[in-house]
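What follows is one structure encoded as structure tokens, with my remarks underneath.
All residue numbers in this chain count up from 1 along the given sequence.
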Amino acid sequence: MKNKSVKIAACVLVTTVAISSTTLSIQAAGLPAAGAAVVLNEGSSVEEVEKEVAQKEAEHEQALEHVELSVGATASAKDVVAGDVSAIVAAEAEEDYSNLVIAQVNDYVNVRSEASEESEIVGKLYNESVGNFVSEAEGGWYLIESGSVKGYVKAEYVVTGDEAVELAGKVGKRIATVNTTTLFVREEATTDSSVIGMVPIEDELIVTEEGAIEDWVKVSVEEGDGYVSGEFVTLSTEFVKAESKAEEEARLAKEAEARERANAAAAKKEGSSSKSSKKSSGGGAAVGGSGRGSAVANFACQFVGNPYVYGGSSLTNGTDCSGFVMSVYANFGVGLPHSSGALRGVGTDVGGLANAQPGDIVCYSGHVGIYIGGGNIVHASTAATGIKISNASYKPVLSVRRIF
């Protein structure tokens, strides 16, 4: 593995050295560097920013097409990176997958310190969690590494080899992490295509198609599936890894502490929130049940009909999806991040939509909403629809997080 990593680094180094002088000339000409961010300035319309970004993208592509490299033949920098390096990375990925161990159980399989059911439990490998095969032990045991855990699992509860390679694409999530200030999601794979949505930096999007069109990746957003330039996202595969005994204990303690703080803060506002939730200034629906989660859901529903504004966080004058969740919970004394990707890591994972309760945060690819019961969510959807109530299953759910 280390030798192949060195090869990748060497290939990139050769490419970097070969184009360094040309890159300087490009930058001197005032063209944008790869990944250059465009900030939505106050007073600028989306159309103006879109036009500016499209122009810079076109200039950058034109500049790359004229870069000549002496690597045995004349080629563009784009061809070298997308060709030679991608081929090495693809081979590396295939080898990695062939070495995977994937749990196939109802809940989890214990990872033990020795190849014996009497030995100490050092961690848990949950269903469809992934580890790396190290060696085989007598009695039907595998020594594996996963996350911070190294230990033995019963071979009958995991798959390896060809089965693991085939299963890896199903259990792993291909993620595109935004690495520019504002990412435009386009209807077609071209800078001339219309923008269907915008996503802020560091948000994570689920990849629905990759490699079909050079330099473009198809992703899922609230407005539908669209294309983003591969230049402005970082691609990775997300696997669930084993959890050590110490990590599990620390997680449970942290979650309990967070719930206690949230409940204490919410208790101070519960009276006023209950009164205000009875009002329906925006045509929202009342949520049944009791408890702080229901109070959150009721409070959120009163803003149905108010506008969606990208980057906003005002429940009355306009907010985006993560700003909506953040601002609703701020009313109950809970501070949350203004990022749909970051919200996937807050609170407690309840194990899917089937276990959702009012007030839970439902996370999608590039989008979030608040569960209100009855299979529905309230969310700041799009500029066309504003804050509205939808069926929670209207698109694939990544996770459901509970604060209270």
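To the nearest 0.5 Å, atoms CD (E188) and OG1 (T191) are separated by 12.5 Å. Distance check: I403 CD1 to I370 CD1 gives 10.0 Å after rounding to the nearest 0.5 Å. Rounding to the nearest 0.5 angstrom, the gap separating the CD1 atom in I206 from the CG atom in D225 is 11.0 Å. Annotation: the span from Q302 atom CD to T316 atom OG1 amounts to 10.5 Å, rounded to 0.5 Å.
Side-chain N/O atoms of Y308 and E222 include no donor and acceptor closer than 3.5 Å. There is a side-chain donor-acceptor pair under 3.5 Å between S116 and E118. With 3.5 Å as the limit, one finds no donor-acceptor pair spanning the side chains of E187 and S193.
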| For S339 and E202, what are the C-alpha separation, side-chain angles and deciding distance, and is it a side chain to side chain donor-acceptor pair (under 3.5 Å)? | CA-CA 8 Å; S339 164; E202 295 184 355; over 6 Å; no
| said: Does S313 form a side chain to side chain donor-acceptor pair (under 3.5 Å) with H338? I'd like the steps, not just the answer. | reply: CA-CA 8 Å; S313 59; H338 193 168; 5.1 Å; no
| field | Derivation and outcome, side chain to side chain donor-acceptor pair (under 3.5 Å), residues D203 and S340 | value | CA-CA 6 Å; D203 256 18; S340 61; 2.7 Å; yes
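Salt bridge annotation for R344-E238: present, with a cationic side-chain nitrogen under 4.0 angstrom from a carboxylate oxygen. Salt bridge annotation for E117-R112: absent, with no cationic side-chain nitrogen under 4.0 angstrom from a carboxylate oxygen. Looking at K124 and E243, no side-chain N of the basic residue comes within less than 4.0 Å of a carboxylate O on the acidic one, giving no salt bridge.
Residues Y152 and Y142 place their aromatic rings such that the two centres sit no closer than 6.0 Å.
When all heavy atoms of V397 and A392 are compared, the pair lying nearest together is CG2-O, 3.7 Å. When all heavy atoms of C363 and R401 are compared, the pair lying nearest together is SG-CG, 4.1 Å. Counting all heavy atoms, side chain and backbone alike, V328 lies closest to L315 at CG2-CD2, 4.0 Å. Here the shortest heavy-atom pairing between A176 and V233 reads CB-CB, 4.0 Å.
Between F332 and F299, the ring-plane angle classifies as perpendicular under the 30° and 60° cut-offs.
With H379 as the fixed residue, the ring pair (Phe, Tyr, Trp, His ring centres under 6.0 Å) test singles out one of Y364, F324, Y394: Y394.
Annotation: side chain of S314 is not in contact with side chain of T319 (no heavy-atom distance under 4.5 Å). For the pair W216 and R186, the minimum side-chain heavy-atom distance is below 4.5 Å. Annotation: side chain of S365 is in contact with side chain of L205 (closest heavy-atom distance under 4.5 Å). Put simply, the side chain of V165 does not reach to within 4.5 Å of the side chain of L100, judged on heavy atoms. Side chains of S322 and D320 form a contact here, defined as non-hydrogen atoms less than 4.5 Å apart.
Annotation: salt bridge (charged side-chain N to carboxylate O under 4.0 Å, His left out) contacts of R174 (sequence neighbours excluded): E210.
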